[in-house]
Amino acid sequence: MSSSAAVADPSAARGDQPGPASTRGRWWHGARNVVLAVPVLPITILVYVVLAATIPGFASFGNVQNLLGSLAVLAIAAVGATIVLLVAGIDLSVGSTIALASVLGAIATRDTGSMVVGLLAALAAGLVVGIINGFCIGVFGLPPFVLTLGVLLAARAIAYISAAAAAGGGGTAASVGQLPPQVLTFGQSTFAAIPSAFWIAFVLVAAFSVFLSFTVTGRSFYFVGSNEKAARFNGLNVPVMKFLAYAIAGVLGGVAGWVLMTRLGSGNATAGDALLLQVIAATVIGGTSLFGGQGGVWRTLVGVFLITGLTNALGLIGMASWNQEIIVGAVVIFGSGLAVFLAKFQARSRR
Amino acid sequence: MKPTHLHLPIGVAVAVLALTASACGTTASPGSSSSGGSGGTSGTIKVGVAFDKMDDSFRVGEKKYLDQYAKQMGIDLVYQDAQSDAQKQSSQVQSFISQKVAGIIEIPWDTQAVAADISAAKAANIPLAIMDQQPSDTSSVYFYVGGDPSSDGKMAGDYLVKSAAGKPIKVLELQGSLNNVNGIERSKGFEDAVASASNISIVAKAPTDWKADKALAATQNALQSNPDLNAVYAPWTGALPGIYSSLKAAGKTAAVADPNHVYTMSINGDQIGCKYVTSGDLGVDVATPVEEMAKQALQAVKDGAAGKAPVQNVVELPGLAYTPADLAENRSKVWGCQG
Amino acid sequence: MKGKLQINSSTVLVLFLVVVVIGFYLAQPTFLSFSNMNNILIQAAAAAIAAVGMTFVVLLADIDLSVGSIMSLSTVVAVSLTSTGSQFDTTTSVWVVPVALLVGVLCGLANAFLINRLKLNSLIVTLGTTSVFLGAALTITQAGTLVLSGALTDLVALRVGAVNLVVLVVLVLAAAAGLFLKYRPNGRLIYAVGGDLRSAHESGLSQAKARYLGFGFLGACSAIAGLITVGQVSTIEANLGADFAFTVITAVVIGGTSLFGGRGGVLGSVLGAVLLATIGSGLNAINASPYVYDVVRGTILILAVLADPIISRVTSRRALLAARHA
């Protein structure tokens with residue numbers, strides 16, 4: 001690690017890396033540090049073990065496959081949310097972006113018969129939303145909560161209007177179907193027994209993890225989030241960084257919307273409604289801070305696993321959905337509390 | 001660079017692979033004891049029911065009849081609630097399929113996406129009966145049973161045409177959720193029925209998303225813009241209490257014989273509808289055959305599990321329009337008036 | 001000085017409101033009538049009252065997403081405990097009001113407790129409590145619908161002269177809350193905590209106390225909003241508050257209260273709620289497509305947020321000039 005990069009190296013601010021000396025060599029030292037840095041991982045593994053042992057059918061092949069496939073959309077969206085949170089922002093419009101992207105992607109796929117065109121349409125939709133968010137928040141400095149709230153409302157309305165228009169004849173349907181069969185074939189396909197949708201999510205998580213940790217731009221996100229003034233002082237273009245964060249989140253929302261479309265074989269304007277809660281919950285439980293500067297995409301993925309595994313298991317035992325709500329809500333609150341506490345504890349113990 | 005950097009992703013990857021590997025190991029046994037396997041307890045079969053949502057009084061009614069008839073037919077039901085999310089529902093149906101249930105009953109949230117569920121169930125050789133919300137493409141359904149929302153709306157409209165008997169009518173048409181096939185059809189059916197009557201004009205139309213407070217606001221606003229409004233069409237009975245309180249506040253509570261009477265029409269046939277027809281406030285309520293729907297859906301999966309195919313695979317059951325005048329004879333056929 | 005800030009963004013709001021009303025009047029002449037204005041105020045009442053409560057929380061630089069669920073839980077518990085009759089013929093008694101208020105306050109205090117003790121951001125805590133409270137409400141009603149009559153529905157329909165009781169409640173509550181914020185030490189504490197946390201910290205446990213006050217008050221307001229809504233539609237469905245939080249937050253933001261805390265007031269929030277209800281009613285009157293309302297709401301929010309820094313720059317310049325001339 002070059003010392004000349006001390007200025008741009010946000011590792012101290014990032015707080016997710018222990019000092020170098022203790023990690024070289026023994027793998028279990030590394031494992032211990034991982035556990036300390038990302039406490040949610042062993043907790044999640046433990047939870048899964050308990051669930052597999054106590055809930056019949058949870059660890060069955062079919063259920064695992066189902067679980068991996070269904071968490072893909074959430075995972076992709078959560079990667080975008082993580083990046084936005086890193087720069088101390090927030091993006092409430094993620095659910096609407098997914099809806100809009102799935103609808104526009106479906107319309108494009110239906111009308112041209114090409115999945116590639118559909119993907120491009122979905123990406124474009126996500127990009128436009130991301131650019132609007134990024135511009136208003138990054139460049140104009142508008143408060144992220146309110147701005148993305150406004151975009152949430154507007155984007156969803158546009159998704160509904162598009163779906164209705166696509167239904168033709170002045171209809172008002174909310175979903176766009178009649179897509180070419182290869183869409184669903186792809187969406188339900190598996191590769192090495194793992195659903196393709198999950199692979200897409202996994203690859204994106206891996207790619208962005210590399211981006212965030214190994215590239216200068218990626219590491220700058222952490223710096224901007226943890227100390228904006230210092231980042232500016234050190235020559236980082238903060239408005240551009242923020243713009244980039246929201247734009248990336250938008251595009252990832254587009255990808256998530258497209259994946260959703262392939263999973264369902266239709267584009268749905270009502271999609272992503274409950275997703276916002278899950279995205280934020282998974283990201284925070286995973287250990288990414290709402291105040292910026294701390295976190296990562298792998299831990300977010302673990303958070304996603306925790307939340308979806310829990311709801312899947314509760315569903316399997318036939319618990320009424322409203323009781324599930326109570327449990328999930330409690331997990332969100334106490335899980336986040338634990339994550340924040342452990343992060344502070346770890347930061348304090350390193351001093 | 002930093003060795004620990006790879007530990008986390010490796011940790012996650014290992015965990016995922018371990019999970020999948022352990023799952024592969026348990027493929028042979030489709031779950032232990034109570035879950036999975038088409039055998040339930042002693043001679044009963046296990047059927048999965050995938051509701052699109054459950055926080056709705058109509059669904060509560062559907063569940064009641066499903067439970068009642070399932071018990072009679074020796075079927076164990078397991079419910080899943082998709083909470084108005086298409087992906088969740090698809091995942092829940094998948095879950096039923098992987099648990100190898102004897103049959104599945106589904107009320108689809110997304111009538112386009114349900115095609116995926118239909119083909120998945122077919123591939124797994126599990127009978128899938130769709131209920132209440134008609135899929136946009138019924139060509140390959142194993143079985144669909146539902147009401148006939150278009151004819152229900154038409155019956156409500158016909159009632160208005162008949163009762164008005166040439167009198168000039170200004171009607172407020174409340175609409176359900178417009179991105180839902182029942183909402184769309186109930187609206188269309190009504191409009192078609194009154195289109196031919198030149199004395200009836202729809203002066204206000206408001207979508208309400210099946211929400212009572214939106215129906216209330218729409219009624220208040222319509223009364224505002226059209227003080228001589230004298231008919232209200234509510235495609236579901238949940239809107240009625242609010243509507244009647246608005247009418248009362250506007251002083252429009254004249255009885256049927258009175259020329260200032262406000263005609264009200266509704267659909268569902270649940271307890272609220274029965275209540276208002278009994279009191280004479282509601283002119284007509286079209287009872288959807290919830291009991292019959294539940295019974296037929298259960299019968300279809302039961303037959304399918306035994307290898308029999310249903311006689312007809314798309315069944316649209318007409319509703320029963322009942323009014324205060326014929327309440328006595330129709331009472332027993334209306335589900336909301338029972339018990 | 002705080003008062004001046006408040007009036008300025010509210011002046012813009014009133015102007016906008018007038019423009020909107022005139023616009024709808026031109027499209028539909030019956031729009032501008034006393035009874036319609038009364039209707040709009042009644043339709044705005046629940047959101048307005050919740051917005052008054054939300055103002056307190058937002059002034060603290062916090063947020064509460066659980067208002068809809070508190071609305072739901074407080075009314076469900078209160079009606080279940082204090083009413084007689086069967087599910088489709090529930091007769092409410094006047095006791096439903098204090099019980100609902102109590103439950104609402106408890107929920108609000110629970111929110112504040114979790115935020116204080118767990119040292120978590122209010123966003124994530126109230127995100128969680130939204131699910132918990134709603135789940136509890138649904139468990140109680142088992143997703144059934146209750147049809148109401150009796151004291152509650154009568155109260156809500158009551159008129160005092162030409163104006164509805166509900167509208168009076170809004171006015172009285174808003175006035176009381178506004179005066180409290182301006183003149184009582186606890187009220188000024190709320191501004192202080194939101195505006196400059198460090199100096200507020202120097203006065204001790206102020207933030208925790210201010211949170212109990214703010215969230216508790218919002219809980220009570222949510223309960224009242226719930227009673228009004230339920231009393232008007234005469235039915236209870238546990239998911240009645242589904243979209244409510246966003247409406248209320250929109251009203252508060254449009255009204256000029258800053259999400260960063262320390263600036264704003266209840267007058268703006270009430271006007272914001274009235275503006276939203278006016279637009280909704282107007283769109284209804286011209287039979288507009290339902291999606292238009294959401295697009296309009298989203299756009300207004302964005303415009304309000306764009307205008308906010310401009311307004312604050314204008315008002316602070318004024319204050320600076322005034323201070324200079326003093």
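Please read all numbers here as calculations on a predicted model, not as lab measurements. In what follows, chains carry the letters A, B, and so on, assigned in the order in which the sequence lines appear, proteins first and then strands, with residues in each chain numbered from 1.
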* **Leu153(A) CG to Tyr293(C) OH distance, which is reported to the nearest 0.5 Å** => 9.5 Å
* Asked: What closest approach, in Å, do Gly135(C) and Glu325(A) show between heavy atoms, and which atom pair accounts for it?
  -> CA-CB, 4.1 Å
* Asked: Taking the side chain as C-beta and beyond, is there a heavy-atom pair between Leu118(C) and Ile333(A) under 4.5 Å?
  -> yes
* Asked: At what distance, to the nearest 0.5 angstrom, does CG of Leu123(C) lie from OG of Ser336(A)?
  -> 10.0 Å
* Is it true that atom OH of Tyr212(C) has more than 12 heavy atoms of other residues, nucleotides or ligands lying nearer than 6.0 Å? -> yes
* To do: Would you mind checking which part of Leu152(A) comes under 4.5 Å of any heavy atom in chain C, side chain (CB onward), backbone (N, CA, C, O), both or neither?
  => side chain
Please table the atom pairs, donor to acceptor, closer than 3.5 Å between any side-chain atom in residues 297-304 of chain C and protein atoms at least two apart or in another chain.
unit_1: Arg297(C); atom_1: NH1; unit_2: Thr247(C); atom_2: OG1; d: 3.0
unit_1: Arg297(C); atom_1: NH2; unit_2: Asp294(C); atom_2: OD1; d: 3.2
unit_1: Thr299(C); atom_1: OG1; unit_2: Val295(C); atom_2: O; d: 2.6

* Separation between CG of Leu120(C) and CG of Leu338(A), rounded to the nearest 0.5 Å -> 10.0 Å
* **Value rounded to 0.5 Å, distance of CD in Gln324(A) from CG in Leu138(C)** => 12.0 Å
* Top residue by heavy-atom pair count (under 4.5 Å) with chain C, among Ile161(A), Val340(A), Leu277(A), Leu92(A)? -> Leu277(A)
* **Residue pair Ser131(C) / Gly329(A): nearest heavy atoms and the distance that separates them** => CB-CA, 3.9 Å
* Name the region of Phe341(A), side chain, backbone, both or neither, that has any atom closer than 4.5 Å to a heavy atom of chain C. => neither
* **Interface residue of largest heavy-atom contact number with chain C, from Ile326(A), Val328(A), Val284(A), Val332(A), under 4.5 Å** => Ile326(A)
* Do any of residues 141-151 of chain A have a heavy atom less than 4.5 Å from a heavy atom of chain C, and if so, which, in residue order? -> Leu142(A), Pro143(A), Phe145(A), Val146(A), Leu147(A), Leu149(A), Gly150(A), Val151(A)
